[in-house]
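Contents: one structure, followed by commentary.
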Protein chains: 2
Amino acid sequence: MTPPRRITLKDLAAQLGVSTATVSNAFNRPDQLSPKLREHILHEARLRGYQGPDAKARSLRTGRSQIVAVILAESLTYSLNDAVASELLSGIAEVLDAQGHTLLLLSGRQSPARVPGSASIADGFIVYGLMPSLAMLADLPAQRPLVAVDFDVEGQASVHVDNEPAAYAIARHALGTSPKRPAVINLRLTEQPCNGRIGPEHALLSADRTITRARLDGFQRAFAEHGIEPDDVPMWNIEENTHEVCAPVIEEILDLPDDERPDLLLCMSDRIALTALILAEARGLRVPDDLRITGFDGIAEGQYRAPRLTTVRQDSVEKGRVAARMILGLEPPSSRLLGTELVIGETCP
Amino acid sequence: MTPPRRITLKDLAAQLGVSTATVSNAFNRPDQLSPKLREHILHEARLRGYQGPDAKARSLRTGRSQIVAVILAESLTYSLNDAVASELLSGIAEVLDAQGHTLLLLSGRQSPARVPGSASIADGFIVYGLMPSLAMLADLPAQRPLVAVDFDVEGQASVHVDNEPAAYAIARHALGTSPKRPAVINLRLTEQPCNGRIGPEHALLSADRTITRARLDGFQRAFAEHGIEPDDVPMWNIEENTHEVCAPVIEEILDLPDDERPDLLLCMSDRIALTALILAEARGLRVPDDLRITGFDGIAEGQYRAPRLTTVRQDSVEKGRVAARMILGLEPPSSRLLGTELVIGETCP
DNA sequence: CTGAAAGCGCTTACAG
DNA sequence: CTGAAAGCGCTTACAG
């Protein structure tokens, strides 16, 4: 028995007595040879265990791999368990699949803090969320298409939702009930890490660094309109959008004395809002009577329960689709701004 | 200005007056040249915009891409939004990251029903869940490592959890409360699609086709031990582990007349159990007084709420880690069986 | 419709 | 420690 070396296109061509070009055409360009010969080649290929042109060689030769890399700012562990990121990936995958492309998943928080060299195999890059450092972007092969989602890279295409107007709309709705003690729970909005109450010592990130700043701007526009001095509204900050990280901050808030405890929580994500809802219920607080809560995102978990979350629904799946279409050249690269929808649930009717 | 062709290793070598081997070694084998020369080369490379060896060429030359493909039986949309699949991916990604590998995501339910050719770039394959057809496996490059998770491929490594004993343990616990009308809600267990009550006309899949059969076997062993005739226990089947698909079946069950409605639901997943819990609460049924519910999986959503789900916790992250380690050769390929943990929550104390 | 030949950008024995 | 050269497996003008 010969050593089981994988059969190559060249081997097959030799065995069938045709040129390598003809075998290649049989697989890639049906119009370049007779259907009969093509059938013969494909049939023999299967028989002899030739699985088709090797992707590594093909990609070197053509310069294209049919692979699109998605770079997630957060760890993969976090992103894969986050409903919003998952939906974004779904949307991306849907378009890539339909176009015969596949998805390479990279984390911006890789252990070596650098994109692995293998990333350069990708035909294009979709980058999601704020990068821990822009150094990573510099690592990416230049001259390959890049689309930024939920942040901006100078001179590159991007996809956003209208955070400011959406936040304004939900805050306006919530303030319509004339809360006595509104409060805001921000997400990753401080320059320095802060998982708790935001004080005067905390500087906030600017709008070009995080989308949550635009959400705060929207909230504050509504405050001003309702005659509320934004500085009088207490704010907390959450460092990571997970139940575990949210919970202690929410507990701190809910355990304030009755006359200090907010009666309206404007949360920057559904995850935060759901944590607040669960912990409020556990303490016997009635929602919305004792405490009104609003979220942001519109994830399924907030809608398939009672009471349903009042929130802003953003179409993360569509965000992913748009980004993927731009990367594949199915639509021209540009700065796209997607709309959102105010969803009135029972947590803040 | 010259056309902005990407600079290659060869260009760089020529410009620096060294051989291509030396440049290659500067990037790949530091021990093969003096630190000083290496620094010089790396420095000049950065200066001249050479980003390092091209991944396509490198992978062709070495035969390895540093990419591992994960093939998911379900659609990517489903898998990415499923907590168990997400955790599995987290575990895989964790190990791959640490080893400088990256993850290529493929769906077994691709539109063309075939693995795209670009998949053959991967160094190895992790296949998760039952394949719609084994034809797809035949498409994969032979002679490259493959690990099956939650199912078996003849002659290949696999990772499982102990479904039968785990199901037996939770059923035994639940039956200890002497329910009057226990019922089972299965997941994808019928030969033919069935989203509803299972009747005598429905054939069930065998244990080599789905892990949920082993779960049912565990339940039924507990029934027998408690003197309950398994055939007397009504069973329903769920076609897809999502709230939307579960809900109508659960409603059908909960809306049975009081004297027919089960007082114990043994569910094959936490998603099913949570849907039952939410819909029961919406109907004013008291859990666990009127209705006891158990799940399977141990997802976070079932534990970060009140009442907490009684369930079996499987460590999906670890399952992913083990599979990834086997693929990378960090542990020998074998049939690994991971343990589980009975978690007693308030839905079935 | 078919074939001979160049070359994609690397890595790696091997010789010096 | 360094360099010349072969070759990984393909695709693609181009000539016939």
Tell me which nucleotide among [options] gets nearest to the side chain of [X].
| X | options | value |
| --- | --- | --- |
| B:Leu9 | C:dC10, D:dT11, C:dA4 | C:dC10 |
| A:Ser24 | D:dT11, D:dG3, C:dC10 | D:dT11 |
| B:Ala57 | D:dT12, D:dT2, C:dC10 | C:dC10 |
| B:Thr22 | D:dG3, D:dT11, C:dC10 | D:dG3 |
| B:Pro53 | D:dG3, C:dC10, C:dG3 | C:dC10 |
| B:Ser34 | D:dT11, D:dT2, C:dC1 | D:dT2 |
| B:Asp54 | D:dC10, C:dA4, C:dC10 | C:dC10 |

Quiz item: If you round to the nearest 0.5 Å, how far is CG of A:Asp82 from OG of A:Ser75?
Solution: 10.0 Å
Quiz item: Mapping B:Gly17 and B:Thr62 to their closest nucleotides on DNA chain D, which lands nearer the 5' end?
Solution: B:Gly17
Quiz item: Can a donor-acceptor pair be found between the side chains of A:Asn25 and A:Thr22 at a distance below 3.5 Å?
Solution: no
[N] [atom2] sits how many Å from [X] [atom1], rounded?
| X | N | atom1 | atom2 | result |
| --- | --- | --- | --- | --- |
| B:Arg61 | D:dC10 | CZ | P | 16 Å |
| A:Arg29 | C:dC1 | CZ | P | 13 Å |
| A:Asn28 | D:dT12 | CG | P | 7 Å |
| B:Lys10 | D:dA4 | NZ | P | 12 Å |
| B:Lys56 | D:dT11 | NZ | P | 15 Å |
| B:Asn25 | D:dT2 | CG | P | 9 Å |
| B:Arg64 | C:dT12 | CZ | C1' | 16 Å |
| B:Gln66 | C:dC10 | CD | C1' | 14 Å |

Practice problem: Please determine if a side-chain N or O atom of B:Tyr50 lies less than 4.0 Å away from the OP1 or OP2 oxygen of C:dG9. | Solution: no
Quiz item: OP1 or OP2 of D:dG3 less than 4.0 angstrom from a side-chain nitrogen or oxygen of B:Ser19, does that happen here?
Solution: yes
Practice problem: Determine yes or no for a side-chain-to-main-chain donor-acceptor pair under 3.5 angstrom, with A:Arg38 supplying the side chain and A:Ala26 the backbone. | Solution: yes
Quiz item: At under 4.0 Å between heavy atoms, what does A:Ser59 touch on the DNA or RNA strands: base, sugar-phosphate, or nothing?
Solution: nothing
Exercise. Give B:Leu60 one of three labels, base, sugar-phosphate or nothing, depending on what nucleic acid heavy atoms sit under 4.0 Å from its own.
Key: base
Self-check item: Side chains of A:Ile121 and B:Thr102 in contact at under 4.5 Å (non-hydrogen atoms)
Solution: no
Quiz item: So, are A:Glu318 and A:Arg325 salt-bridged, with charged N and O less than 4.0 Å apart?
Solution: yes
Quiz prompt | Complementary nucleotide of C:dA4, counting Watson-Crick and G-U pairs under 3.5 Å | solution = none
Quiz item: What is the pairing partner of D:dA13, taking Watson-Crick or G-U wobble pairs with both distances under 3.5 Å in any strand?
Solution: none
Self-check item: Matching residue for B:Val68 among B:Val147, B:Val95, B:Leu104, B:Ile126 - test: side-chain contact (heavy atoms from CB on, under 4.5 Å)
Solution: B:Ile126
